[in-house]
Amino acid sequence: MLASLAGKIPVPRLATRVTLRDGNRQPIDDAVILWFPGPASATGEDVAELHVHGGRAVLAAVFAALSAFAEVRAAEPGEFTRRAFENGKLDLTEAEALDDLIHADTDRQRRQALRQLKGLLGDKARDWRSQIIEASALIEAGIDFSDEGDVPAELIAPALSKVRTLLGEIEEVLASQARSERLREGLVVAIAGPPNVGKSTLINQLARREVAIVSPHAGTTRDAIEVQLDLDGYPVTVIDTAGIRETKDPVEQEGVRRARARAAEADLLLWISDPEHETDPHHGEAPVWTVRNKIDLDEAEPPASKCRGPVGVLHQGRRAVDFRISASRGDGIGELIAAIIGFAQDYLGSEEGALIGRARHRKLLQETAASLRRSIGSVGNGEELAAEDLRMAAYSLGRLLGRVDVDEVLDVIFSQFCIGK
């Protein structure tokens, strides 16, 4: 196929300028081609790259020429990465990292994905799995030589020491990176409160553009409005919700219902009030920050305090934060944004060496730790049970790397990739 299009097979891994021609030998484009014979290629298979000019007519002609060959079709989403995985060029954590890198919206997401792509978690998991297999081999050898007097004790003691060390390392990773996988999805901040207190004005301030309609009439916002922000590298989704109040309007009632639902799902709730609407904030699982808007209209407040930052107060036994802002004038907005960044850093984690990138990683590491704990506790009841628990721990790490029993997750993972990646 490549020889037919380009007139020759170029020297491997050397950019070569050629005239691409279709099946009738008509020129298509003046292009550059690269030839990567397998297994020394990105996917482990023979790979050719065609670097052509990007006009629609050129691309259409190239695709038409390729489609004329038998058994040639467009790649499915993630197919190239899946072939690289199946041919041992990537483990599953690295394949997932490539998808995360493609979809990274902020610099912190990009850096985390790049670290995973370089094998940060995969290398560690392979080392852990190797040590678990070594410990398992020692225990099983003790079982095989159980009639040799003190030989079992000599083998089991170092095995248990190794298992305890491994368990400590994995538990430390799980404890120190409580939400590191959340960096992929980011922080969700809901803005809620009564109608006409400035919620839409605030989201416009945070977004630095008009994403919501601002009106003096109550009930203008009927549905949730979302905006994606990059705050110091942290991905933050801010949601402007409908004003929460009792109403007979069925459309507004649905907006209020959705507002309450989104507020309940958020990681952080900003409850907005103003001098005319001093209402108690909605409480759910998420922390609640009360934000008193329109301080420019509050003549009783001293001017020096209008730009003051958050003040911590106790509210119903929970730690809350109060802000005083003017969303229309911008007073206090900088302090509010800085506080949200600080919250995101605490919530999402700031470790540059975070190992856990997805909920799947955390679940399998938790299963591994549980199996290691059971193996330690099983020794007194029989070495056979301890050996089986170690096999289960190694199995969980194998699933993490995608080397055992992952068929049920592969389609889900690779279907999220871009076409042709």
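Residue numbers start at 1 and run along the sequence shown.
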Next item on the list: Starting from the C-alpha separation in whole Å, work towards a yes-or-no answer on side-chain contact (heavy atoms from CB on, under 4.5 Å) for R373 and L167.
Entry: CA-CA 7 Å; R373 281 192 292 270; L167 177 59; 3.4 Å; yes
Inter-residue atom distance [X].[atom1] - [Y].[atom2], 0.5 Å rounding:
X: I170; Y: E172; atom1: CD1; atom2: CD; answer: 11.5 Å
X: D389; Y: S375; atom1: CG; atom2: OG; answer: 6.0 Å
X: I341; Y: L187; atom1: CD1; atom2: CG; answer: 11.0 Å
X: I139; Y: E384; atom1: CD1; atom2: CD; answer: 10.5 Å
X: L229; Y: I337; atom1: CG; atom2: CD1; answer: 8.0 Å
X: Y347; Y: D267; atom1: OH; atom2: CG; answer: 3.5 Å

Answer whether the closest heavy-atom distance between the side chains of [X] and [Y] falls below 4.5 Å.
X: T368; Y: I132; result: yes
X: D46; Y: W35; result: yes
X: R358; Y: L121; result: no
X: M392; Y: L390; result: no
X: L50; Y: L2; result: yes
X: L206; Y: V236; result: no
X: Q228; Y: D105; result: no
X: F36; Y: E49; result: yes

Next item on the list: Given side-chain contact (heavy atoms from CB on, under 4.5 Å), test Q112 with R184 step by step and report yes or no.
Entry: CA-CA 9 Å; Q112 176 172 284; R184 293 180 60 248; 4.3 Å; yes
Next item on the list: Have a look at E86 and tell me which of R83, R82, K89 forms a salt bridge (charged side-chain N to carboxylate O under 4.0 Å, His left out) with it.
Entry: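 That would be R82; it is the only one of R83, R82, K89 passing the salt bridge (charged side-chain N to carboxylate O under 4.0 Å, His left out) with E86.
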Check: Excluding sequence neighbours, so at least two apart, what forms salt bridge (charged side-chain N to carboxylate O under 4.0 Å, His left out) with D91?
Finding: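 Residues passing salt bridge (charged side-chain N to carboxylate O under 4.0 Å, His left out) with D91: R126.
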Restricting to non-hydrogen atoms, name the atom on [X] and the atom on [Y] that form the minimum distance, rounded to 0.1 Å.
X: T19; Y: P27; result: CG2-CB, 4.0 Å
X: G357; Y: H361; result: N-ND1, 3.2 Å
X: A65; Y: L5; result: CB-CD2, 3.8 Å
X: D30; Y: H53; result: O-CE1, 3.3 Å
X: L183; Y: P235; result: O-CG, 3.4 Å
X: P10; Y: I33; result: CG-CD1, 3.6 Å

Using only atom types and a distance under 3.5 Å, with no angle test, would you say the side chain of [X] pairs donor to acceptor with the backbone of [Y]?
X: R360; Y: L400; answer: yes
X: N87; Y: T43; answer: yes
X: K199; Y: P194; answer: yes
X: N24; Y: Q26; answer: no
X: T16; Y: L14; answer: yes
X: Q205; Y: A327; answer: yes
X: R292; Y: R324; answer: no

Notebook entry, point to check: So D230 and R108, salt bridge (Lys or Arg N to Asp or Glu O under 4.0 Å) or not? Walk me through it.
Noted result: CA-CA 10 Å; D230 178 349; R108 290 182 188 273; over 6 Å; no
If you count every heavy atom of other residues, nucleotides or ligands that lies below 6.0 Å from [X] atom [atom1], does the total exceed 12?
X: R56; atom1: CZ; answer: no
X: R13; atom1: CZ; answer: yes
X: H51; atom1: NE2; answer: yes
X: F63; atom1: CZ; answer: no

Margin query: Name the residue from V189, V288, I191 that meets the side-chain contact (heavy atoms from CB on, under 4.5 Å) definition with L268.
Written below: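 Of V189, V288, I191, side-chain contact (heavy atoms from CB on, under 4.5 Å) with L268 is met by V189 alone.
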Next item on the list: Show your reasoning for whether side-chain contact (heavy atoms from CB on, under 4.5 Å) applies to F85 and R403.
Entry: CA-CA 10 Å; F85 164 74; R403 295 308 173 209; 3.4 Å; yes
Should the pair [X]-[Y] be classified as a salt bridge under the 4.0 Å nitrogen-to-oxygen rule?
X: E79; Y: R73; value: yes
X: K124; Y: D127; value: no
X: D123; Y: K118; value: no

Ignoring hydrogens and angles, write down the donor-acceptor pairs under 3.5 Å from the side chains of residues 155-166, residues two or more places apart or on other chains.
unit_1	atom_1	unit_2	atom_2	d
T165	OG1	S161	O	3.0

Note to self: Using side-chain contact (heavy atoms from CB on, under 4.5 Å), reason through L401 and L397 one step at a time and then give a plain yes or no.
What the structure shows: CA-CA 6 Å; L401 295 167; L397 290 178; 5.5 Å; no
Notebook entry, point to check: Should the ring pair W289 and F343 be called parallel, tilted or perpendicular, given that the plane angle runs from 0 to 90° and is split at 30 and 60?
Noted result: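 Answer is perpendicular, since the angle exceeds 60°.
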Checklist line | Test item: side-chain donor near acceptor, S371 and R374, under 3.5 Å | finding: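 S371 vs R374: donor-acceptor pair found between side chains.
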